[in-house]
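Here's the structure, in structure tokens; my notes come after.
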Amino acid sequence: VRYQTRRVQEVAQNFAAGDKSARFDAQSVDEFGFLAGFINQALDEANRSETALSQEKKRIEVMLYSITDAVIATDANGCVQFMNPVAEDLVACSIEAARNRPLHELAKFVDELTRLPIVDPVQSCLLDRQIAVLHTGSELCVNHLGAEVPVGGTAAPMRDAQGGVIGCVGALQDVRHARELMCRLTHQASRDSLTGL
């Protein structure tokens, strides 16, 4: 019994230290064998679940890295946890430098026409606990270097199993070409093509 207890402790310590292949000896026909078999099955299932979650996480990251929207995920306090490369370009900051920093330190939002600050969609989403939309059509994202990019987008809350908000995912689109086209069309529609009046 003392040997079995010592062996169980060794296997448990190895597993706790990161050896995911550590298993208990389930060959004995006593309660140690039964318990060891039961625990081994639970460990195998936990490893399968961990592998499946890891694969799913990689698939999601590949999708987020390949889309053309700037995707930013924050925690419940609005601190950056994830950015795809498009978002890194938008805020002019790597994810390594941005992680755990409040988004409002990296980017501000202003109205292009009035130049007044507007609440960023992530803050709005976390305050209201619902989807926030940039909807005026004149929003600018001003990164910490001062570069201005016309943007559109939304922010949606991330919730835990109990429905509590644990963070936010924002998706921003660079809409400068659409705005330029709209300005040209508005100009052409309101001016005489020959005189410019």
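When a residue number appears, it is its place in the shown sequence, counting from 1.
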Atom pair CD1/CG of I166 and D75 - distance to nearest 0.5 Å: 10.0 Å

Side chain to side chain, L126 and V165, heavy atoms closer than 4.5 Å: yes

Heavy-atom donor-acceptor pair, H144 side chain to A92 backbone, under 3.5 Å: yes

Least distance between heavy atoms, L172 atom then P121 atom: CD2-CG, 4.2 Å

Separation of E112 CD from I118 CD1 (nearest 0.5 Å): 10.5 Å

Non-hydrogen side-chain atoms of K108 and D120 separated by less than 4.5 Å: no

Minimum-distance pair of heavy atoms, taken over all atoms of S138 and D111: OG-OD2, 2.8 Å

Backbone of I95 reached by a side-chain donor or acceptor of E88 within 3.5 Å: yes

Connected via hydrophobic side-chain network under 4.5 Å: F109 and V149: yes

Within-4.5 Å side-chain heavy-atom neighbours: L43 and F15: yes

Backbone N/O of S54 and side chain of K58: donor-acceptor pair under 3.5 Å: no

Flag, side chain of D160 to backbone of Q162, donor-acceptor distance under 3.5 Å: yes

Close side-chain approach of P157 and C168, heavy atoms under 4.5 Å: no

Considering all heavy atoms, the nearest R99-Q81 contact: NE-O, 3.5 Å

Shortest non-hydrogen contact from G152 toward L134: C-CD1, 4.0 Å

Neighbour count >12 (heavy atoms, 6.0 Å) for atom CD1, I131: no

Minimum heavy-atom distance A107-C141, with the two atoms named: CB-SG, 3.7 Å

Separation of E56 CD from T51 OG1 (nearest 0.5 Å): 13.0 Å

Gap between atom CG of D44 and atom CG of N40 - 0.5 Å precision: 6.5 Å

Point-to-point distance, once rounded to the nearest 0.5 Å, from CG of N143 to CG of L90: 7.0 Å

Under 3.5 Å donor-acceptor, N77 side chain and C79 backbone: no

Same apolar cluster (I L V M F W Y, side chains within < 4.5 Å links), V169/F82: yes

Distance (rounded to the nearest 0.5 Å) between M83 CE and T74 OG1: 12.0 Å

V151/L140 under side-chain contact (heavy atoms from CB on, under 4.5 Å): CA gap, chis, key distance, verdict: CA-CA 6 Å; V151 291; L140 288 176; over 6 Å; no

Any donor-acceptor pair under 3.5 Å from D69 side chain to V71 backbone: no

Backbone of D19 reached by a side-chain donor or acceptor of N14 within 3.5 Å: no

pair V80-R101: side-chain heavy atoms closer than 4.5 Å: no

Check ion pair E148-R115 (N to O, under 4.0 angstrom): yes

Under 3.5 Å: donor-acceptor pair, side chain of N47, backbone of K20: yes

side-chain contact (heavy atoms from CB on, under 4.5 Å) evaluation trace for V122 with I72: CA-CA 9 Å; V122 168; I72 301 169; 5.5 Å; no

